[in-house]
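For reference, the structure is listed below as structure tokens.
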2 protein chains.
Amino acid sequence: MTVSLQVLRSETPDVLTANCPTRVVLDHVTSKWGVLVLAALADGTLRWGELRREVDGISEKMLAVTLRTFESDGLVHREAYPEVPPRVEYSLTPLGLELCEAMSPLLTWVVANAEAVLAR
Amino acid sequence: MTVSLQVLRSETPDVLTANCPTRVVLDHVTSKWGVLVLAALADGTLRWGELRREVDGISEKMLAVTLRTFESDGLVHREAYPEVPPRVEYSLTPLGLELCEAMSPLLTWVVANAEAVLAR
DNA sequence: CTGAATCCCCGCGGATACTG
DNA sequence: CAGTATCCGCGGGGATTCAG
């Protein structure tokens, strides 16, 4: 494990400072359901109902709140079709896709090491 | 941006399932102060007071709670020296270091794109 | 089917005071 | 210096109802 931490070190002064804009974004992403909703959308476009079933355990309210936050952040795109019955599709914007790719190593690590961490 | 999302896709079924062990670990990491405390310790060993000042805005209670969680997770090592006045040092375990390295891309992205996200 | 709106509770997390 | 103990406000988040 000889990966350099230079990048991480150089950016920490920003992230660690209160009232820094990065705090807000980090709070959105690390909000209770933020990571999971983004991960679900990494699969591609999903409808409301699919998203609700995909992210196991999320309530309708929190799904709505989380989606609206990401939509106003420009991370998630919402496309409503004027049909009966209504159909609404959610997908990642290019920015959201970048974020998901940046999250990928973290998720990979968590999946790989969850057992090791909880074994204590 | 041609990074493959194969890994992310293949692991999402795990992360997205309620009562999955990965949920617990993910909750610890994405807890309000989790990422910031880990990022601070990526710089190396820190004393309690240094840590408190480094993670701007954290209360003593939440620092204690967060540290104890990570310590019992095996991500942070606590070393107390029987001196007067007392001195306690916190550092990442090898496992914690791995986690920080996995978090690095996310933090890098957040720092780089915070402005873009908040500009709306 | 896709939500918005409302009520309400519990527990996260902050502030303060105290101790070894 | 390095915490622990206690109180408590408030907002995250669940359940339910209603609407387009």
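Note on naming: letters A, B, ... go to the chains in the order of the sequence lines (proteins, then strands), and numbering restarts at 1 for each one. Since this is a predicted model, take the numbers as computed values, not measurements.
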So what does A:R52 touch, heavy atoms closer than 4.0 Å: a base, only the sugar-phosphate, or nothing? nothing

Yes or no on side-chain contact (heavy atoms from CB on, under 4.5 Å) for A:W33 and A:L63, after CA distance, side-chain angles and deciding distance? CA-CA 8 Å; A:W33 300 101; A:L63 178 55; over 6 Å; no

Are any of the side-chain heavy atoms of A:V24 and B:L118 separated by less than 4.5 Å? yes

Using a 4.0 Å cut-off on protein heavy atoms (strictly under), produce a 5'-to-3' string for nucleotides 13-20 of chain C with B for base contact, S for backbone-only sugar-phosphate contact, and - for none. BBB-B--B

Side-chain contact, heavy-atom cut-off 4.5 Å: A:D43 with A:E54? yes

Just the dot-bracket of DNA chain D, please: which string comes out with Watson-Crick or G-U pairs under 3.5 Å, [ ] for crossing, | for another strand? ||||||||||||||||||||

Side-chain contact test, heavy atoms from C-beta onward, threshold under 4.5 Å: evaluate it for A:L92 versus A:C100 and give yes or no. yes

If you compare all heavy atoms of A:E60 against all heavy atoms of A:W48, which two are closest, and at what distance to 0.1 Å? O-CH2, 3.7 Å

Segment of DNA chain D, first to last nucleotide, that comes within the 4.0 Å heavy-atom reach of chain A: D:dG13 to D:dG20

Side chain proximity check, B:L67 to B:L51, heavy atoms < 4.5 angstrom: yes

Compare every heavy atom of A:L107 with every heavy atom of A:A39, then report the nearest pair and how far apart it is. CB-CD1, 4.0 Å

Interatomic distance where CD belongs to A:E50 and C1' belongs to C:dC1 [whole Å]: 12 Å

Atom pair distance, as rounded to whole Å: CD in A:E89 and P in C:dC1: 15 Å

Considering residues, nucleotides and ligands other than B:E115, do more than 12 of their heavy atoms fall under 6.0 Å from its CD? no

Would you please say whether a donor-acceptor pair under 3.5 Å links the side chains of A:Y90 and A:E71? no

Looking at side-chain heavy atoms only, is the closest gap between A:L16 and B:L36 below 4.5 Å? yes

A:L95 versus B:V117: any side-chain heavy-atom pair under 4.5 Å? yes

Would you indicate what A:Y90 reaches in the nucleic acid, counting non-hydrogen atoms under 4.0 angstrom: base, sugar-phosphate, or nothing? sugar-phosphate

Whichever of B:A64 and B:P85 has the more 5' nearest nucleotide on DNA chain D, that residue is B:P85

